[in-house]
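Position 1 is the first residue of the sequence, and the numbers go up from there. Values in this document were obtained by computation on a predicted structure and should not be read as measured data.
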Amino acid sequence: MPNALYFGDNLHVLRDDIAAESVDLVYLDPPFNSNANYNVLFKSPQGAESQAQIEAFEDTWHWGEQAEREFRELLTQENTDVAQMMDALRNFLGENDMLAYLTMMANRLLELHKVLKPTGSLYLHCDPTASHYLKMVLDGVFGKENFCNEIIWKRTNARGTMGRWPRVHDTIFFYSKTENFFFQHLKVKAEESKTPHTLITGTDGLKYQTYELTGPGVTKEGQSGQSWKGFSPSALGRHWGNSHGQMDEWDAKGLIHWPKGGGFPRRRADEPFQVEARTVTVGDFWADIDRVNQTAKERLGYPTQKPQALLERIVQASSRPGEVVLDPFCGCGTALHAAQKLGRQWVGIDITHLAISLIEKRLRDAFFGIEFETHGTPKDLAGAQELARRDKYQFQWWACSLVNAQPYGGKKKGADGGIDGLIYFQDEVNGAPKRIIVSVKGGDKVSVPMLRDMAHVVEREKASIGLFVTLAAPTEPMRREAAGTGFYECPHNKIAYPKIQILTIEGLLSGHERPQYLDFAQGTQTFKKAKKEVKKTRQATLLG
């Protein structure tokens with residue numbers, strides 16, 4: 001199974017392809033923001049027109065036949081707590097978008113519970129839109145006794161000043177499958193602002209921390225409240241925390257700090273205070289990890305992308321090297337990237353081929369020689385025909401990935417202007433990037449007029465080359481038409497490349513066909529490239 005990517009509905013993948021009790025850690029970030037559509041922004045070379053964007057997915061859940069079908073499944077499955085709770089939620093919420101979303105989540109959380117090992121745990125990332133309901137669903141699936149933490153991630157600073165309180169945090173629910181789950185505390189560098197105020201400068205010029213010698217309350221036994229070297233804590237309602245003899249010994253060693261202003265003496269630490277080395281244990285409020293902002297180097301343009309540091313923290317705390325991390329809504333693959341970097345095995349699932357292709361590229365860019373399997377994407381002509389029949393947009397996105405093009409346009413008819421994909425290339429050492437237009441055809445037949453239409457688009461867009469990617473075999477008249485459009489001459493090597501290139505899905509899959517052009521940039525003008533990871537020998541600091 002590991003390491004593996006699955007293209008498809010995670011409910012079906014979890015039931016059919018993931019073995020029971022085979023996963024050590026689950027992280028999921030299932031978005032819910034009713035009526036929101038998320039766009040992926042792709043890289044454009046500097047000086048080019050605005051970035052291409054396509055609609056990656058609709059974050060909208062509606063009550064309908066599929067929701068009703070999944071709700072019926074919930075009522076008949078073996079976890080009666082979940083069945084009763086969902087029935088109560090239906091009575092309370094009614095049949096609406098929220099109930100459709102919770103129904104979908106409940107079914108998938110039940111499957112995630114099954115694939116978790118007894119020592120495993122789950123982290124569910126959400127925002128306040130549905131977090132209170134998701135907590136109820138999680139309690140039903142995992143049992144309220146297996147709730148571990150509600151983690152607050154401060155993802156941004158407040159920017160709005162009007163109306164209600166600006167929302168600056170996300171919630172992460174942490175559940176274990178049993179009481180015998182694996183967990184290790186983490187330590188991070190303390191903020192400089194948290195440096196103790198009781199630091200003093202010793203005679204050696206180094207900084208030392210000091211501690212109180214007294215405690216609250218006046219005791220009546222021994223010398224605890226009596227005067228020592230002219231100082232009486234009982235006058236302040238306090239007592240000495242140590243005997244006079246112990247304090248005399250410390251004073252003889254120079255470990256008592258006598259404030260110049262005459263304040264109460266304090267015990268000085270034996271060792272100098274290392275400000276830069278000070279660490280604290282990570283708690284359930286995380287304010288030290290920034291969101292992936294517009295200028296972040298790790299930003300890939302995918303909606304809802306989470307910072308890698310956030311996922312590395314979760315992976316380190318709740319899994320060991322070699323164990324299996326699963327993300328059933330893997331998006332652009334941040335959880336998988338973190339797992340690979342930290343020496344874990346991983347499984348990712350996503351329902352859009354756009355996400356799968358981005359993850360494939362991200363992992364191969366970041367990890368030299370990485371090996372993994374991708375399931376559910378076409379491997380032959382029959383598989384491609386089936387994908388084109390089921391979903392023409394997923395087919396277009398997949399076909400674009402075969403020629404390393406960024407998809408273009410959304411799902412609205414005519415939104416693409418005759419363009420299904422874009423490639424930016426650079427065939428002059430110091431020259432400006434140029435464009436290649438990609439047109440994808442998934443029908444049973446293609447024709448000369450289709451090819452002419454594409455040639456017009458290439459001319460209109462002032463592109464250098466056009467790639468006509470077709471599922472059906474092209475006719476001989478089409479090949480003659482393509483040849484008649486002439487050539488693009490590369491200024492560097494003076495090679496004449498066909499202006500319009502016909503590429504078949506079958507030929508691309510077999511490796512017998514590929515686009516013809518020179519690119520010094522090696523694709524980096526088309527896609528944002530993930531930073532190459534350098535293998536490290538140690539993890540971040542662990543505690544206990």
Side-chain angles (χ1 to χ4, degrees), residues 144-154 157-158 165-166 168-169 171-174 176 179 181 183-289 313 316-318 540-544:
K144 58 183 182 296
E145 68 279 4
N146 289 318
F147 167 68
C148 298
N149 284 99
E150 177 181 359
I151 299 165
I152 300 301
W153 172 44
K154 184 178 179 293
N157 293 316
W165 304 107
V168 298
H169 82 276
T171 297
I172 303 173
F173 292 122
F174 168 29
S176 65
E179 62 180 9
F181 64 98
F183 181 81
Q184 52 193 358
H185 290 96
L186 304 181
K187 300 196 78 174
V188 295
K189 183 178 178 180
E191 300 176 42
E192 291 188 12
S193 60
K194 301 297 183 182
T195 298
H197 297 294
T198 56
L199 292 183
I200 61 167
T201 302
T203 55
D204 53 7
L206 299 177
K207 295 289 185 181
Y208 291 85
Q209 189 171 358
T210 62
Y211 307 94
E212 285 276 1
L213 287 171
T214 64
V218 179
T219 60
K220 297 181 180 179
E221 297 181 5
Q223 301 176 348
S224 56
Q226 296 180 4
S227 176
W228 177 71
K229 295 187 182 289
F231 291 91
S232 177
S234 59
L236 302 176
R238 300 177 68 83
H239 67 276
W240 296 116
N242 302 93
S243 68
H244 289 186
Q246 175 66 77
M247 293 189 289
D248 287 336
E249 183 179 333
W250 285 337
D251 191 29
K253 293 179 179 179
L255 295 178
I256 297 294
H257 170 61
W258 300 92
K260 293 181 179 179
F264 255 69
R266 297 174 65 87
R267 164 75 157 89
R268 197 204 78 178
D270 296 89
E271 300 296 331
F273 184 81
Q274 302 291 337
V275 177
E276 66 282 354
R278 184 170 182 252
T279 60
V280 295
T281 302
V282 179
D284 61 2
F285 177 71
W286 299 353
D288 59 328
I289 298 176
R313 176 169 292 176
Q316 284 187 346
S318 289
T541 306
L542 305 177
L543 176 62

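Screening Trp228, Trp250, Phe231 for a ring pair (Phe, Tyr, Trp, His ring centres under 6.0 Å) with Trp240, the sole residue that qualifies is Trp228.
Side-chain contact between Lys229 and Ile256 is absent, with no heavy atoms from C-beta onward closer than 4.5 Å. Counting heavy atoms from C-beta on, the side chains of Trp153 and Ile289 come closer than 4.5 Å. Residues Phe174 and Asp284 form no side-chain contact, since every pair of their non-hydrogen atoms from C-beta on lies 4.5 Å or further apart. Ile172 places a side-chain heavy atom less than 4.5 Å from the side chain of Trp286. In this structure, the side chains of Glu249 and Asn242 stay at 4.5 Å or more apart for every pair of heavy atoms. Two residues are said to be in side-chain contact when any heavy atoms from C-beta on lie closer than 4.5 Å; Phe183 and His185 meet this criterion. Between Trp258 and Asp251 the shortest side-chain heavy-atom distance falls below 4.5 Å.
One distance of note links OG of Ser243 with CE of Met247; it measures 7.0 Å at 0.5 Å rounding. In this structure, CZ on Phe285 lies 12.5 Å from CD1 on Ile151, to the nearest 0.5 angstrom. Going from atom CZ of Arg268 over to atom OH of Tyr211 covers 11.0 Å, rounded to the nearest 0.5 Å.
With hydrogens and angles disregarded, no donor-acceptor distance shorter than 3.5 Å links the side chain of Glu150 to the backbone of Thr171. For the pair His257 (side chain) and Arg266 (backbone), a donor-acceptor distance under 3.5 Å is absent. Judged by distance alone, with hydrogens and angles left aside, the side-chain atoms of Asp204 form a donor-acceptor pair with the main-chain N or O of Leu206 at under 3.5 Å.
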Working note: Asp288 + Arg313, criterion side-chain contact (heavy atoms from CB on, under 4.5 Å); need CA distance, chi angles, decisive distance, verdict.
CA-CA 11 Å; Asp288 59 328; Arg313 176 169 292 176; 2.7 Å; yes
Val188/Val280 under side-chain contact (heavy atoms from CB on, under 4.5 Å): CA gap, chis, key distance, verdict:
CA-CA 6 Å; Val188 295; Val280 295; 4.0 Å; yes
Set out, in order, the CA-CA distance, both residues' side-chain angles and the distance that settles side-chain contact (heavy atoms from CB on, under 4.5 Å) for Ile200 and Lys207, then state yes or no.
CA-CA 6 Å; Ile200 61 167; Lys207 295 289 185 181; over 6 Å; no
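The heavy-atom pair separating Asp270 from Tyr208 by the smallest distance is O-CE2, 3.8 Å. When all heavy atoms of Pro259 and Pro265 are compared, the closest pair comes out as CD-CA, 4.0 Å. Between Arg238 and Gly215, the closest heavy-atom pair is CB-O, 3.1 Å.
Annotation for Glu179: atom CD does not count as buried by contact number, only 12 or fewer foreign heavy atoms lying within 6.0 Å.
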